[in-house]
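Scroll down for the structure; my scribbles are underneath it.
A note on names: the letters A, B, ... follow the listed sequences, proteins ahead of strands, and every chain is numbered from 1.
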Number of protein chains: 2
Amino acid sequence: MADEFEWIKSIAPVKHFNDNVQVGIGDDAAIISNDSNRETIVTVDTMVEDIHFKRRTMPLQAIGHKALTANLSDIAAMGGMPRYYLVSIAVPKQGWSQQEITDIYGGLHALAEKWHVDLIGGDTVSTSQKLVLTVTVIGTIESGRRLLRANAKEGDVVFMTGPAGMAAYGLAELLDKGLKANENTTISPFIRAHQYPEPQIEAGRLLAESKMRIALNDISDGLAHEAKEIAEASGVNITIDWDKLSLSKQMAKYALEKQMDWVLYGGEDFHLIGTVSKENSVQLANTFKTNGLSFHVIGDVVKGEGRVYIHHNGKKEPAKKAGYHHF
Amino acid sequence: MADEFEWIKSIAPVKHFNDNVQVGIGDDAAIISNDSNRETIVTVDTMVEDIHFKRRTMPLQAIGHKALTANLSDIAAMGGMPRYYLVSIAVPKQGWSQQEITDIYGGLHALAEKWHVDLIGGDTVSTSQKLVLTVTVIGTIESGRRLLRANAKEGDVVFMTGPAGMAAYGLAELLDKGLKANENTTISPFIRAHQYPEPQIEAGRLLAESKMRIALNDISDGLAHEAKEIAEASGVNITIDWDKLSLSKQMAKYALEKQMDWVLYGGEDFHLIGTVSKENSVQLANTFKTNGLSFHVIGDVVKGEGRVYIHHNGKKEPAKKAGYHHF
């Protein structure tokens, strides 16, 4: 690859969306000023070639898009607005051209531009084998408004901001049909969910702005696992009603076990799961509708000690342990 | 490796040094409150196995120590105080035990504890081959006090807070002697500089607190290269006086070209290089002496357009292009 310093200049932004950026790329570190009535949210996420993505199923821009989505989604799950990001990339010495790396940044930039998130720093290094992409995102939230996992209470309902299992089914669809990465973004919403998942920032903001007591997670590690995190952090049990989960016609054709694998245990979807009091859930459903967003109740918070149960056909079964994770 | 979520609990801190940590490890993202009179500094740095470190020359704790040092040094080079850090690690599926990864974190933790920097987040993933360690550090600095590369002016002197070439010589020493990673931290200050380099946070703070106009960099990419970054950002030339660079007896035994390779172009040292007016340099030298820190003048800022020259034996030669970098 060409000179690191020249290349960095080529991907560095020429302007910033946020006036708070005092120093962006180009010095030892970035400097941002803070608004006194806001807290800072920080998250970092790493994607590794052939572990978190395969070039066979992911266009280059999608790799950048998805890495940023994972982080923006963490900000959304706290109720915050993403503001700044840093990208650290370890590029294999062979097999990747400079243009291909620039295309990954193209995917990052396009999504960042949509949400007015400023690239303020990063690191570019080489490695011997697999590409490793680490994105750090910094966001803000009005002081005291953060939406934590520990906020659930007995009697709450469990809600979601959209369907689960989309990305897992999309990946299965790609592999089943033997499709290549670049042929199919318009073919199916499932493949799109696998390649270009969208962070639910607007939904997170509506929830934070409601000033209600809300527990919130994204479902990136799988619906059942993320529900369990809320249950454990809040010291309650959660029951998910299988019949309330919106299941697509395509998925419904498969055996129930396979459907559950996608919907309950599949990862890399970025809708939000949360809990709120029954009374407030009605108001939230209206607010979401007014804003053209989806909100549906999928279960209940009951007395307990951190367990998740799935209700189906009159039976209550414990969710399988853990969800989708890469380690 | 054992379950990711259990392991994360084992390395998560049980208390925080900074009261500003509202949410640390354990939710979707970390949340920190901000002091109204301070700005936020952010930096990220990645170290790759066999590119930035070899297990042959680096004890496990040293790998963590050095990764954090690289970031703390960037904060120091802005004049700031490091406050929080996040660690993202991609662990090869084979060849690394859980204990070895815990030891890397031990190196991170020990240095973080020294500077009261709180671990507030991270990501743990697997990879197929080489370990990749990415550290993000967040620091603070009093509003308006940041020390930028662009601050140098004609007539300034160039100073350093310690010797250059230590780490490069230390690595050469290790390889020459065929030493293994764990046998030698007490043998030589050079090997120690390679394995356990110290960020110059106190020096950076003295410089920021002086309220003088100071341009500042760390020398992590090599003295000549970092001087050039200051020269370019400030629109001046810099001359380095070779005879003013403190050279150790050990290095002095080698051919001049080899000495210059270590001292001018060797990377991974973390002393600071800066410029300040001649008058203020005297006061700074005193302040540093009072605080038991090193401060020595090594050159001058002259009219020019971003070039660096080395003075030696009455001759002025341009520094070689670029310094030490890994991409």
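B:N20 does not touch chain A: none of its heavy atoms, backbone or side chain, sits under 4.5 Å away. Only the side chain of A:A90 comes within contact range of chain B, judged by heavy atoms closer than 4.5 Å. Looking at B:T134, the atoms closer than 4.5 Å to chain A (heavy atoms on both sides) all sit in the side chain, from C-beta outward. For B:L216, the part sitting under 4.5 Å from any heavy atom of chain A is the backbone (N, CA, C, O) and nothing else. Interface residue B:T136: only side-chain heavy atoms are found under 4.5 Å from chain A. In this structure, the portions of B:V42 lying under 4.5 Å from any heavy atom of chain A include both its backbone and its side chain. Looking at B:V23, only its side chain comes within 4.5 Å of chain A, counting heavy atoms on both sides.
Closest approach of A:R38 and B:N34 over heavy atoms only: O-ND2, 3.2 Å. Pairing each heavy atom of A:D123 with each of B:V44, the nearest pair is CB-O, 3.8 Å. Closest non-hydrogen pair, B:V48 versus A:T127, comes out as CG1-OG1, 3.3 Å.
Taking OG of B:S33 as the reference point, atom CG of A:N37 lies at 12.5 Å (rounded to 0.5 Å).
Within 6.0 Å of CZ on A:R307 lie no more than 12 heavy atoms contributed by other residues, nucleotides or ligands. For A:E202, the CD atom counts as loosely surrounded, since its 6.0 Å shell holds 12 or fewer non-hydrogen atoms of other residues, nucleotides or ligands.
Within residues 71-83 of chain A, the residues having any heavy atom under 4.5 Å from a heavy atom of chain B are, by residue number, A:D74, A:A77, A:M78.
Salt bridge A:D28/B:R149: present, at least one basic N to carboxylate O contact under 4.0 Å.
Highest contact tally toward chain A, considering only B:I138, B:I120, B:V132, B:L86, is held by B:L86 [criterion: heavy-atom pairs under 4.5 Å]. Annotation: maximal heavy-atom pairing with chain B below 4.5 Å, among A:D218, A:T43, A:T46, occurs at A:T46. Ranked by non-hydrogen atom pairs under 4.5 Å with chain B, the options A:T40, A:N217, A:D35, A:I31 are led by A:T40.
Using a 4.5 Å heavy-atom cutoff, the side chains of B:R146 and A:Q22 are in contact. Using a 4.5 Å heavy-atom threshold, the side chains of B:E229 and A:D27 count as separate. Looking at heavy atoms from C-beta onward, A:H52 lies in side-chain contact with B:V125 at the 4.5 angstrom threshold.
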